[in-house]
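Throughout, protein chains are lettered first and strands after them, A, B, ... in sequence-line order, and every chain is numbered starting at 1.
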Number of protein chains: 2
Amino acid sequence: MKPLSLPPRLLMGPGPINCYPRVLTAMSQQLVGQYDPSMTGCMNEVMALYRQVFKTDNHHTILVDGTSRAGIEAVLVSCLEPGDKVLVPIFGRFGHLLCEIAERAGAEVHSIEVPWGEVFEPEQIEQAIREVRPKVLAVVQGDTSTTMLQPLEHLGEICRRYDVLFYSDATASIGGNPFETDAWQLDAVSVGLQKCLGGPSGSAPITLSERYVEVVRKRHHVEAGIRENSHRSGAGSRIRSNYFDIPMLLDYWGEERLNHHTEAASMLFCARECAINLIEEGIEPSIARHKLAGDAMLAGVQALDLTPFGNLKHKMHNVVGVEIPDGVDGEHIRQQLLLDFNIEIGTSFGPLKGRIWRIGTMGYNARQDAVLHTLQSLETVLRRAGHKLSAGAGVDAALDTYAGKTV
Amino acid sequence: MKPLSLPPRLLMGPGPINCYPRVLTAMSQQLVGQYDPSMTGCMNEVMALYRQVFKTDNHHTILVDGTSRAGIEAVLVSCLEPGDKVLVPIFGRFGHLLCEIAERAGAEVHSIEVPWGEVFEPEQIEQAIREVRPKVLAVVQGDTSTTMLQPLEHLGEICRRYDVLFYSDATASIGGNPFETDAWQLDAVSVGLQKCLGGPSGSAPITLSERYVEVVRKRHHVEAGIRENSHRSGAGSRIRSNYFDIPMLLDYWGEERLNHHTEAASMLFCARECAINLIEEGIEPSIARHKLAGDAMLAGVQALDLTPFGNLKHKMHNVVGVEIPDGVDGEHIRQQLLLDFNIEIGTSFGPLKGRIWRIGTMGYNARQDAVLHTLQSLETVLRRAGHKLSAGAGVDAALDTYAGKTV
């Protein structure tokens, strides 16, 4: 068997994208034991780093060992007891995912929907909260399936007013768009590494407010085999998952260091490096870089007479949907980009399947050269497929967007 | 923030242990897209490699993105409907874990127990199966908490006779002890990378028989957001977890490539390398190397007048329990080994907490030099703590065990 030899793709889809080289290097660090002071020190460091990433003072800021949806499931299954009501505003595929996960946790799921390409007004959500009176409001911030970014800043205040736990999944948006856990009064947030944080999928940072932790602690139950007489079980129903049992995860990450899983050390080192990389750049400069790359890509596709998808006022900085022009075979274009140019752009899901491409500019790839190569190559491939467009206009528009900017 | 700088520990506990350097290097490979032909090709390659590792023809051989217990939970929650009976023979902590996970899946859990340090006779298990008539028999092969290895070779035939699904978790044993999925008629097996396979925690290979897959397919339900009209739901109850929904994981790893999570690519590359490393050495030679290292460590501790724990006839090759002598502070010894010699040995859980150390010889560390350094250092630390022993006898016994052997 040969060593793995993969083509040098430029990943300009909705994620995963190319990792920052330093993040890849971090994973090749040799291990230490799981209770080694250097290991627990590293875990504490990661907690502190992600407090900065999430902009929170929440003590309970840890990693769930799995991909982004592992973080989502941990947050939802730990707080939702069977029959509890949850409200999910759906504006794309990942809203449906939140419903799916909450249903399987036994919750009574209520959802409201807007057409794909739009987002909700706070009033619409407040209205639904008033009707449903849910225990939890669960909402995605950036849904890559539609490229829309749901404004969250007014929802925390509403949730407090109705005594609702406010949870958001910000996997696709954090690091590339503003996100404020404490200022927006969020009770739980989950993310992944594989978007603007520039790492691989496989670790899900989460942060939890005291309000949230108080709720899940009522379901605290230390597993058999390590339970001692001093461990009392909470009055709430047993959490339906062992792996995603947040009170036990907190025991492991906390002072008791009570064994649960064996922490995925290489992914921990990786998550640490992703956070350091972001913090060293600065969160605001990183968001500005994503905005600039996204603006340049948007200007480029528009200059190629292509139509961006959805309400641009609410577009995420780090991904744009592009309508596939009439008469153009979207999959053929993607294939040619991949095979001739080693550039990947995304296809789409559900009602947008076959209707739009999704082009990302995130993490390591939120760079001028990556934007320019993508626009040039898209132009070439479209031209050779017989599609009429303004030669050179895309790359020129992107260069004009970057002109004079130093981000 | 400085780059991570961890001490160069020699990890001689019950795992995690030091990774093979090639496995660490594999994780620093740059990513490709999740549906890139080179990525799906790599996933198929990993399936083929783990069929060899598991010694099976099972088509359905995949990774669960999480630590070992993620694999356990996926196997159990996908096949156990609420009220289904499961039988768990408990001979250490990880038997309790299987119960815990099955209970949370809503199953009716029946267990039988032997004292820690012993294993079950097939007749004891058959007797319990006859009484309980479970849907699933779930048993750990090697339980590191006691260092015992449960013989599995006669259980498959019994399970077939009573129409029971036969599941084993072989995380701690595979690669260092014989394991035969097909010859032993197992229906589901889960493992992790962090023991004899010499990788980090964070990926859980599983293999599933057709019998098992037929059972879980009855609960097939494609998630909302990507479900199409052609997708029909099975008649069984909805699987309680989205993340651990094996039918959906199989859709993602199978020809339909239906999106579920985003595969944790770096851990995939890592799992691939662990398998190749094992197969290149050869499974039988790897087991022989673990046996030799384990024999040498056992001979060494016995020559130091220390008492090994449990029924040695059923000891795992890759870990030995050592009774902490009267008057010796077990934690002090472990501390000195770690701080002065950079060597980690393990403590213990439950009824053995404070009673035994656990010393592993697994994966990369199933090596003569690692055994010798550990024995010498243990001798030095014990001697300096005032414990009387036969100077040099441990390392001599280990060298004698290795003498003339070329593994």
Notebook entry, point to check: Looking at A:Ile279, A:Leu4, A:Leu11, A:Leu268, which makes the most heavy-atom pairs under 4.5 Å with chain B?
Noted result: A:Leu4

Next item on the list: Inspect the contact between B:Arg69 and B:Glu73 and indicate whether a charged nitrogen and a carboxylate oxygen are less than 4.0 angstrom apart.
Entry: no

Note to self: At a 4.5 Å cut-off on heavy atoms, which part of B:Met27 comes close to chain A: side chain, backbone, both, or neither?
What the structure shows: both

Check: Non-hydrogen atoms of chain A under 4.5 Å away: do they reach the side chain of B:Gln194, the backbone, both or neither?
Finding: side chain

Margin query: Restricting to non-hydrogen atoms, name the atom on A:Pro247 and the atom on A:His220 that form the minimum distance, rounded to 0.1 Å.
Written below: CB-CD2, 3.5 Å

Next item on the list: Answer yes or no: is there an ion pair linking B:Glu228 with A:Lys353, defined by an N-O contact shorter than 4.0 Å?
Entry: yes

Item checked: Distance-minimising heavy-atom pair for A:Ser190 and A:Gly71 -> CB-C, 3.9 Å

Next item on the list: Kindly give the heavy-atom pair with the smallest separation between A:Arg272 and B:Lys2, and that separation in Å.
Entry: NH2-O, 2.9 Å

Next item on the list: Mind telling me whether A:Tyr252 and A:Tyr35 have parallel, tilted or perpendicular rings, with 30° and 60° as the class edges?
Entry: perpendicular

Checklist line | salt bridge (Lys or Arg N to Asp or Glu O under 4.0 Å) assessment of B:Arg22 paired with B:Glu280 | finding: CA-CA 13 Å; B:Arg22 64 186 285 179; B:Glu280 283 186 357; 3.1 Å; yes

Margin query: Is A:Glu344 in contact with chain B via its backbone, its side chain, both, or neither, using a 4.5 Å heavy-atom distance?
Written below: side chain

Notebook entry, point to check: For B:Ile17, is it the side chain, the backbone, both, or neither that has a heavy atom closer than 4.5 Å to a heavy atom of chain A?
Noted result: backbone

Checklist line | Under 4.5 Å from any heavy atom of chain A - which part of B:Leu6 | finding: both

Check: With only heavy atoms counted, which part of B:Asn342 is less than 4.5 Å from chain A, the side chain, the backbone, both or neither?
Finding: neither

Margin query: If I measure from the heavy atoms of chain A, does B:Cys99 come under 4.5 Å with its side chain, its backbone, both, or neither?
Written below: neither

Check: Where does the angle between the aromatic ring planes of A:Phe244 and B:Tyr243 fall among parallel (under 30°), tilted (30 to 60°) and perpendicular (over 60°)?
Finding: perpendicular

Check: Out of A:Pro200, A:Cys19, A:Gly66, which one racks up the most heavy-atom pairs below 4.5 Å with chain B?
Finding: A:Cys19

Checklist line | Lys/Arg N to Asp/Glu carboxylate O, B:Asp36 vs A:Arg9, below 4.0 Å | finding: yes

Next item on the list: Find the one option among A:Ser201, A:Pro7, A:Gly202 whose heavy-atom pairs under 4.5 Å with chain B are most numerous.
Entry: A:Ser201

Next item on the list: Under 4.5 Å heavy-atom distance to chain A, tell me which part of B:Ala26 shows up: side chain, backbone, both or neither.
Entry: neither

Notebook entry, point to check: Highest number of heavy-atom pairs under 4.5 Å with chain B: which of A:Ile90, A:Thr25, A:Ile101, A:Val32?
Noted result: A:Val32

Note to self: Counting heavy-atom pairs under 4.5 Å with chain A, which one of B:Gly33, B:Ser241, B:Ser38, B:Gly13 comes out on top?
What the structure shows: B:Ser241

Check: By a 4.5 Å heavy-atom criterion (distance strictly below it), what part of B:Cys270 contacts chain A: side chain, backbone, both, or neither?
Finding: neither

Notebook entry, point to check: Would you call A:Glu223 and A:Arg238 a salt bridge, using N to O less than 4.0 angstrom?
Noted result: no

Checklist line | Residues A:Arg240, A:Asp245: salt bridge by 4.0 Å N-O rule | finding: no

Item checked: Contacting moiety of B:Leu338, where chain A heavy atoms sit under 4.5 Å -> side chain

Margin query: Using a 4.5 angstrom heavy-atom cutoff, name the option from A:Ala70, A:Pro16, A:Ala265 with the most pairs to chain B.
Written below: A:Ala70

Check: Based on non-hydrogen pairs under 4.5 Å, which of A:His260, A:Met39, A:Glu45, A:Glu273 is most in contact with chain B?
Finding: A:His260

Check: So, for B:Thr67 and B:Ala204, which heavy atoms are closest and what is the spacing to 0.1 Å?
Finding: O-CB, 3.7 Å

Next item on the list: Name the region of B:Pro3, side chain, backbone, both or neither, that has any atom closer than 4.5 Å to a heavy atom of chain A.
Entry: backbone

Note to self: Tell me which of these, B:Val64, B:Thr347, B:Ile239, B:Ile72, has more heavy-atom pairs under 4.5 Å with chain A than the rest.
What the structure shows: B:Ile239

Next item on the list: Please look at B:Ile276 and chain A and tell me whether the side chain, the backbone, both or neither of the residue comes under 4.5 angstrom of a heavy atom of that chain.
Entry: side chain

